[in-house]
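Below, chains carry the letters A, B, ... as their sequence lines are ordered, and counting in each starts from 1. Atoms considered below: every heavy atom in the structure, side chains included; atoms not considered: hydrogens, waters and symmetry mates. On a predicted model such as this, the values are computed, not experimentally measured, just so you know.
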Amino acid sequence: MSPEPTITSLPPDAHCYRILMRTPIAQVTPASGSAEIAGWVHEVRDLGGLAFMLIRDRTGIIQVTIPKKKVSEQVLAAVKAVSRESVVRVSGPVKAIDKAPGGRELVPESIEIISLAETPLPLDVSEKVPAELDTRLDARFLDVRRPRVAAVFEIRSAACYAINQFLHDAGFTAITTPKIVAAATEGGTELFPIAYFDKEAFLNQSPQLYKQMMMAAGCEKVYEIGPIFRAEEHATTKHLNEATSIDIEVSFADHLEVMRILENLIIHTYGYVEKTCSAQIANIGVEDFAVPKAGFPRLPYAEAIEIAKKGIEEPIKYGDDISPAAERAIGAEMGGHYFIVDWPSEIRPYYAMQHENDPSICKAFDMMHPRMELSSGAQREHRYDRLVQQIKQKGLNPGSFEFYLKPFRYGMPPHAGWGLGADRLVMTMLGLSNVREAVLFPRDMHRLVP
RNA sequence: GCCCAGGUAGUGUAGUGGCCUAUCAUGAUUGCCUGUCACGCAAUCGACUCGGAUUCGAAUUCCGACCUGGGCGCCA
């Protein structure tokens, strides 16, 4: 047994390890005595005989105070040479002082410029001057240095953790399904074609068919959090060509059961974020953060249409899709998260199970935030003959669905599931005006870089 | 794809035919300043998306292209 390696056992030329040896800024207190910190130069204020540098790492900001007559030549040269957003390491004694932000400041014995930032910067990290989203996304690595922006992604991470935790604890198996697929087994959304050796292939629009195959595989409860790709040429604040989808599929469950799971998941996720991310929520400036109350209304589609009729000018009738304006009108009436249930079979996909007593409506649902749709799902038709019949009813050719249909011939349990848009979940949770704010490197019709 | 609004220093903006050698803020450079915290002061630097047209004269009007934002459509 060799001893556990330590930092000091590393070769002396392993400079990179020394960089790790610094105190996170939030942990620097007057009680620290002296500290070695590393981070980005947030601002420099030179008052003549006295200069202040604000140093920022992901944990916070600290003031470094430089009394010019009392510090070394090396420190003076570094203060003069450094630019905003450069990476520096600073070490020296920590002093308690009321005048300094956070009640403490660091007086440097040494300042090392690890990486000098070019000037001028593509955007103002200190937020004195705003920047448009397009400018921010072009320099996303600088944009995310702004604590208010980083907070969004810390919350997104916490939300994903909560979702994984909830589903894992509920007995779900996490799966990963292929994103490169041979063909669409349905019409509908446009797919991105890709070059796959000498074959035609596409980026997958949804893990749906694979989730269902896992029901035939006997896994009973599966989930996946992963990317989906849609080649639609839409340009809106809530659509992306690459999105993150949270998908579940459950055997021996109906649509009502998976709706309960979804509702509980949303409440759990909000609750976890509220509990663990209060600083980030405050930082972003969300004032009305509230965990949704249990018992999301189950609004039948027919009633939703009636509400929409009263709320909007454009004509809308039973059998129409719900337009964005109708979505907003219904959302305003409902005031919180809600489900739309009992959709006309005609406007839902072939795989949705129809009601026994009224085949004109089906066991599909959407879960809505007052601003927009977050999730859609259904109890699936698991009976082979019915499924083939429904494919034909949609005017589609069952022959081209063989890949999808095969598992249904060898013992497919009844099952239901849904897909939930992770990006929209974060967007609506934090009241962001554009879904791109909730995505580090969004992909839309016009943006492929960075 | 359609409709609307836009495109002015690194960033965010003002400027609707001559008063523009283009405003303000921030920034960058240089100098002064010992308690700043959007530090202050002084000087300097830095821009009209591209192409065509109208006009004595275009940042400003018109046409086209490209790009951006918003709305719609599309989004099993």
Pull out every protein N or O sitting under 3.5 Å from an N or O of nucleotides 34-37 of chain B, one pair per line with the distance.
residue, atom, partner, partner atom, Å
U34(B), OP2, Gly49(A), N, 2.6
G35(B), N1, Glu105(A), OE1, 3.1
G35(B), N1, Glu105(A), OE2, 3.2
G35(B), N2, Gln63(A), NE2, 3.3
G35(B), N2, Glu105(A), OE1, 2.6
U36(B), O2, Arg45(A), NH1, 3.1
U36(B), N3, Gln63(A), OE1, 2.7
U36(B), O4, Gln63(A), OE1, 3.2
U36(B), O4, Gln63(A), NE2, 3.0
U36(B), O4, Lys99(A), O, 2.8
C37(B), O4', Arg45(A), NH1, 3.1
C37(B), O2', Arg45(A), NH2, 3.4
C37(B), N3, Lys99(A), O, 3.1
C37(B), N4, Lys99(A), O, 3.0

Atom pairs under 3.5 Å, N or O on each side, protein against nucleotides 24-27 of chain B: can you list them with distances?
residue, atom, partner, partner atom, Å
G27(B), OP1, Lys128(A), NZ, 3.1

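Across the protein-nucleic acid pair, Glu313(A) atom CD and G71(B) atom P stand 18 Å apart, rounded to whole Å. Here the C1' atom of nucleotide C75(B) and the CD atom of Gln208(A) are 15 Å apart, to the nearest Å. As a whole-Å value, the separation of Glu327(A) CD from G71(B) C1' is 14 Å. Atom-to-atom, CZ of Arg230(A) to P of C75(B) comes out at 11 Å; the value is rounded to the nearest Å. Atom CG of Asp138(A) and atom P of G10(B) are 14 Å apart (whole Å). Summarising the geometry, the separation between CG on Asp444(A) and C1' on C67(B) is reported as 13 Å, rounded to the nearest angstrom. As rounded to whole Å, 13 Å separates atom P of A28(B) from atom CG of Leu123(A). Following rounding to the nearest Å, Lys238(A) (NZ) and G70(B) (C1') show an atom-to-atom distance of 13 Å.
A salt bridge does not link Glu190(A) with Arg230(A): none of the charged nitrogens is closer than 4.0 Å to a carboxylate oxygen. Salt-bridge annotation for Glu224(A) and Lys211(A): absent, with no side-chain N of the basic residue lying under 4.0 Å from a carboxylate O of the acidic one.
Here the straight-line distance linking atom CD of Gln354(A) with atom SG of Cys362(A) works out to 7.0 Å at 0.5 Å rounding. With rounding to the nearest 0.5 Å, the separation of OG in Ser86(A) from NE2 in His42(A) is 14.0 Å. Here CZ of Phe141(A) is found 6.5 Å from CZ of Arg145(A). Values are rounded to the nearest 0.5 Å. Rounding to the nearest 0.5 Å places CD1 of Ile316(A) at 6.5 Å from CD1 of Ile330(A).
Using a 3.5 Å distance cut-off with no hydrogens or angles, the side chains of Tyr223(A) and Glu249(A) do not pair a donor with an acceptor. Side-chain contact check for Glu43(A) and Ser126(A): no donor-acceptor pair (N or O, by modelled atom type) lies under 3.5 Å.
Between Phe408(A) and His415(A), the ring planes are tilted. Angles from 30° to 60° get that label.
OP1 or OP2 of G12(B) has at least one side-chain nitrogen or oxygen of Thr135(A) nearer than 4.0 Å. Contact annotation: Asn434(A) reaches the phosphate of G70(B) (side-chain N/O to OP1 or OP2, under 4.0 Å). Between His239(A) and the phosphate of C74(B), there is no side-chain N or O to OP1/OP2 separation shorter than 4.0 Å.
A25(B) sits 14 Å from G46(B) when the C1' atoms are compared, rounded to a whole Å. Taking atom P in both C62(B) and G18(B), the straight-line distance is 15 Å, to the nearest Å. Comparing the same atom, C1', in C20(B) and in A9(B) gives a spacing of 15 Å after rounding to whole Å. Atom name C1', nucleotides U26(B) and G40(B): the rounded distance is 16 Å, in whole Å. Only the P atoms considered, A59(B) is 13 Å distant from G17(B), to the nearest whole Å. The P atoms of U23(B) and U44(B) are separated by 13 Å, rounded to the nearest whole Å. Of the C1' atoms belonging to G6(B) and A43(B), the separation is 36 Å, rounded to the nearest Å. A gap of 28 Å separates the C1' atoms of A58(B) and C3(B), to the nearest Å.
Ring-centre distance between Phe365(A) and His255(A): not below the 6.0 Å cut-off.
Contact annotation for Thr236(A): base contact, defined as any heavy-atom pair under 4.0 Å involving a base atom. Across all strands shown, Ala235(A) has heavy atoms under 4.0 Å from base atoms, whether or not it also approaches the sugar-phosphate. No engagement by Ser126(A) is indicated, since no non-hydrogen atom pair under 4.0 Å with the nucleic acid exists.
Taking only side-chain atoms of Thr119(A), from C-beta outward, the nucleotide of U68(B), G73(B), U29(B) with the closest atom is U29(B). Closest to the Arg328(A) side chain, of the nucleotides U11(B), G71(B), U13(B), is G71(B).
With RNA chain B read from its 5' end, the first of the two nearest nucleotides for Asp46(A) and Ile322(A) is the one closest to Asp46(A). Both Ser83(A) and Asp134(A) lie near RNA chain B, and the one whose nearest nucleotide falls closer to the 5' end is Ser83(A).
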In dot-bracket form, 5' to 3', how is RNA chain B paired? Count Watson-Crick and G-U wobble pairs only if both distances fall under 3.5 Å, and write | where the partner sits on another strand.
(((((((..(((.....[.....)))((((((.......))))))...(((((..]....))))))))))))....
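Remark: Arg260(A) engages Glu257(A) in a salt bridge (Lys or Arg N to Asp or Glu O under 4.0 Å) (not counting sequence neighbours). Scored by the salt bridge (Lys or Arg N to Asp or Glu O under 4.0 Å) test, Arg348(A) finds Asp366(A) as partners (sequence neighbours excluded).
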Where do Tyr350(A) and Tyr404(A) land on the ring pair (Phe, Tyr, Trp, His ring centres under 6.0 Å) test, with the steps shown first?
CA-CA 12 Å; Tyr350(A) 61 85; Tyr404(A) 179 63; 5.7 Å; yes
Before you tell me yes or no, could you show the steps for Tyr318(A) and Tyr301(A) under ring pair (Phe, Tyr, Trp, His ring centres under 6.0 Å), namely the whole-Å CA-CA distance, both residues' side-chain angles and the distance that decides it to 0.1 Å?
CA-CA 8 Å; Tyr318(A) 188 93; Tyr301(A) 166 89; 5.2 Å; yes
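In terms of heavy atoms, Ala100(A) sits closest to Gln63(A) at CB-NE2, 3.8 Å.
Under the 4.5 Å side-chain criterion, counting only non-hydrogen atoms from C-beta, Met214(A) is not in contact with Thr173(A).
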What string of B, S and - do you get for nucleotides 45-50 of chain B 5' to 3' if you count protein non-hydrogen atoms under 4.0 Å?
------
